[in-house]
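Structure record follows, encoded as structure tokens.
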Amino acid sequence: ISWKDLVAHLPQLKNAPPVVTDRNFGKQVSARTVDTNNDKIVDYLLFDYAFQSNEPIFSFLITTGKGKPLTTVKEKPEVDQRLSVSILQPFAKYVAENGAPKSIASQIVQSTLNFYPDPKDFPIYAPNRWNYEYSFFLLGSYRQGKKTGNPAFIDYPRRWLDGFVRESGGFKEGVYEMEEYKLDDVIPARLAILFHKETGEEKYKSVVDIIATQLTKQPKTSEGGYWHKQIYEHQMWLDGVFMADVFSMHYAQAYNKPKWYDEAVHQIKLIYKHTRDEKTGLLYHGWDESKNPVWADPVKGTSPEFWARAIGWYAMALAECLDYLPKDHPERQDVIQIFRDVCTSVKNYQHKENGLWYQVLDRHAEPDNWAEASASAMFAFAFAKGYNEKYLDESFLSSAERAYDALLDNFVFVDDQGNLHLDQTVKIGTLNPKTSKGDYQYYITTERRIDDYKGLASLLYASIEMNR
């Protein structure tokens, strides 16, 4: 990495040693300063790194350590030309030098449009896929477009959606397989509802109907709870409520199908009953009716830990569902009470010093646990929306603001073009018995990402809700 460029961003490096941390895995990396032409001037900061995954982007945090600058070595490094390096500056430094953006929400969306002008390239991690996290972000883009009157923020999600839908109706070949019964495949159809209502084009309604048909056929537990996927027999995950039941509520309102409200409420209440811990009020990531021997408690059937983002999905889902659930629905107050109880329990575990929530929610005192961006943004959104809708008191807004500011201070960075980046979103959290025991060690060793859209979408939703 060019030493001249680094020092321009971090002048303190002139008088202190650099400390390099691999942010994907949270480990310090040994580094050295290099003089390539024997002129006694540092040319590069050099470190050797063995990539531990097939991720296309890795982030490294460079800070100053204690003591004297490193002793510079004479070396001519060979750098793989396939690698490119971007230096990002902390959001606070960017604001100090350039002033605060008029709208962080708009800057988040515009940054993505700058990165990926063609939606077919969106995003680098897995482009051109019918995917829950990308549609999650694009729903936020649509929302911000409506709020600000920016047609580009509305056109981009439509162009993305059009990439999967035939003009004659239905999905293009290879996009979607109903027989997999993945709840993750449901949420993108919320975009189809929006654009059907906006344009009247029946191709969008055809996709909505296909996804609704999936839910009518979705495999269920003995009490009628959706399996998360066909391959995860008897398992309900908290994530599924955001993936499927917000769609059901949206669908019910858009097409006057009140039975879908009832079904969504049933799912919300059922997983709450089975995953809630009496002592903490927190929710376990998942529940298996068959009590699989890999991760399920032999008596309760619950997974072992309170994974922050799983609870974040659930809290966001309830906040969103209440936008659609009619004021006179007989179970509306039950959903509001569940929302209040979950938010109250979560609020107890906000870190008192840094204002964030940790990967394993109730164990932030553990030295190997770490603050996680997406869950922190999800809770900020849920608390702010709960306050704005008068479900929660003002203390939750204060908590949301503290978390939001902490996200900006700790995890948001800006490149030389003014694009925003969000670091420290956990890549995945699964209860697939083949790859996960759902235990503490699994969650805290899972890789983190920069610009993961589960995190960016959550920050976007929070920014919109908080008018930031």
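What you see is a predicted model; the values in this text were computed from it and never measured.
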Could you pull out the closest heavy-atom pair between [X] and [Y], with the gap in Å?
{"X": "T275", "Y": "I271", "result": "OG1-O, 2.7 Å"}
{"X": "V414", "Y": "F91", "result": "CG2-CD1, 4.0 Å"}
{"X": "A373", "Y": "L407", "result": "O-CD2, 3.7 Å"}
{"X": "A296", "Y": "D288", "result": "CB-CB, 4.2 Å"}
{"X": "A192", "Y": "V207", "result": "CB-CG1, 4.2 Å"}

Are side-chain N/O atoms of [X] and [Y] paired as donor and acceptor at under 3.5 Å?
{"X": "H196", "Y": "E202", "value": "yes"}
{"X": "Q218", "Y": "Q214", "value": "yes"}
{"X": "N24", "Y": "E447", "value": "yes"}

Salt-bridge test for [X] and [Y]: reply yes if a basic N is under 4.0 Å from a carboxylate O, no otherwise.
{"X": "E278", "Y": "K300", "result": "no"}
{"X": "E133", "Y": "R309", "result": "no"}
{"X": "K291", "Y": "E289", "result": "no"}
{"X": "K273", "Y": "E223", "result": "yes"}

Ignoring hydrogens and angles, tell me if any N or O in the side chain of [X] forms a donor-acceptor pair with the backbone of [Y] under 3.5 Å.
{"X": "S376", "Y": "W357", "result": "yes"}
{"X": "S399", "Y": "S395", "result": "no"}
{"X": "N410", "Y": "A406", "result": "yes"}
{"X": "N292", "Y": "W295", "result": "yes"}
{"X": "Y314", "Y": "F339", "result": "no"}
{"X": "S141", "Y": "F137", "result": "no"}
{"X": "E55", "Y": "R449", "result": "no"}
{"X": "E372", "Y": "A375", "result": "yes"}
{"X": "K454", "Y": "K427", "result": "yes"}
{"X": "S206", "Y": "G170", "result": "yes"}

Roughly how far, to the nearest 0.5 Å, is [atom2] of [Y] from [atom1] of [X]?
{"X": "R448", "Y": "F25", "atom1": "CZ", "atom2": "CZ", "value": "9.0 Å"}
{"X": "K147", "Y": "S106", "atom1": "NZ", "atom2": "OG", "value": "8.5 Å"}
{"X": "D239", "Y": "M316", "atom1": "CG", "atom2": "CE", "value": "13.0 Å"}
{"X": "Q107", "Y": "L460", "atom1": "CD", "atom2": "CG", "value": "12.5 Å"}
{"X": "H285", "Y": "T302", "atom1": "NE2", "atom2": "OG1", "value": "12.5 Å"}
{"X": "I57", "Y": "D452", "atom1": "CD1", "atom2": "CG", "value": "10.0 Å"}

request  = With side-chain hydrogen bond (donor to acceptor under 3.5 Å, both in side chains) as the test, would you mind laying out the steps for D451 and H421 before giving the verdict?
outcome  = CA-CA 6 Å; D451 293 340; H421 301 259; 2.7 Å; yes
inquiry  = Against S59, only a single residue in D423, D22, T21 fulfils side chain to side chain donor-acceptor pair (under 3.5 Å); can you say which?
reply    =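 So, applying the side chain to side chain donor-acceptor pair (under 3.5 Å) to S59 and each of D423, D22, T21, only D423 qualifies.
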Near [X] [atom1], under 6.0 Å, is it more than 12 heavy atoms from other residues, nucleotides or ligands?
{"X": "E173", "atom1": "CD", "result": "no"}
{"X": "E353", "atom1": "CD", "result": "no"}
{"X": "R402", "atom1": "CZ", "result": "yes"}

message = Suppose we call two aromatic rings close when their centres sit under 6.0 Å apart. Are Y324 and H329 close by that rule?
response =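 No: the rings miss the under 6.0 Å criterion.
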ask   = With ring centroids as reference points, do Y116 and Y156 lie under 6.0 angstrom apart?
value =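 Between Y116 and Y156, the centre distance exceeds or equals 6.0 Å.
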Please verify the inter-ring angle class for [X] with [Y]; under 30° counts as parallel, over 60° as perpendicular, anything in between as tilted.
{"X": "F136", "Y": "F242", "value": "perpendicular"}
{"X": "F60", "Y": "Y49", "value": "perpendicular"}
{"X": "Y251", "Y": "F247", "value": "parallel"}
{"X": "Y232", "Y": "H228", "value": "parallel"}
{"X": "H351", "Y": "Y358", "value": "parallel"}

inquiry  = Are I154 and E198 packed together at the side-chain level, in the sense that at least one heavy-atom pair is separated by less than 4.5 angstrom?
reply    =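 Yes - at least one pair of side-chain heavy atoms lies under 4.5 Å apart.
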query = Considering only heavy atoms from C-beta outward, does the side chain of I104 approach that of L408 to under 4.5 Å?
reply =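 The answer is yes; the side chains approach within 4.5 Å.
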Identify which one of [options] satisfies the ring pair (Phe, Tyr, Trp, His ring centres under 6.0 Å) criterion when paired with [X].
{"X": "Y453", "options": "Y132, F122, Y461", "value": "F122"}
{"X": "F164", "options": "W130, F171, Y134", "value": "W130"}
{"X": "H274", "options": "W287, Y284, W237", "value": "W287"}

inquiry  = Quick check with a 6.0 Å cut-off and a 45 degree axis cone: is K347 positioned over the face of F383's six-membered ring?
reply    =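 No, K347 does not lie over the aromatic ring of F383.
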task = Mark yes or no: R363 above the aromatic ring of Y440, with NZ or CZ under 6.0 Å from the six-membered ring centre and no more than 45 degrees from the axis.
result =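 The answer is yes, since R363 meets both limits relative to Y440.
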request  = Could you point out which residue of K385, R190, R332 forms a salt bridge (charged side-chain N to carboxylate O under 4.0 Å, His left out) with D323?
outcome  =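 The single option meeting the salt bridge (charged side-chain N to carboxylate O under 4.0 Å, His left out) with D323 is K385.
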task = Would you please test F195 and Y142 for ring-ring contact (aromatic ring centres under 6.0 Å, His included) and show each step?
result = CA-CA 10 Å; F195 287 114; Y142 180 95; 5.4 Å; yes
task = Determine, step by step, whether D415 and Y94 satisfy the side-chain hydrogen bond (donor to acceptor under 3.5 Å, both in side chains) criterion, reporting the C-alpha distance in whole Å, the side-chain angles of both residues, the deciding distance to 0.1 Å, and the verdict.
result = CA-CA 9 Å; D415 62 30; Y94 171 83; over 6 Å; no
ask   = What's the verdict on side-chain hydrogen bond (donor to acceptor under 3.5 Å, both in side chains) for W227 and Q235, showing C-alpha distance, side-chain angles and the deciding distance?
value = CA-CA 5 Å; W227 293 5; Q235 295 181 26; over 6 Å; no
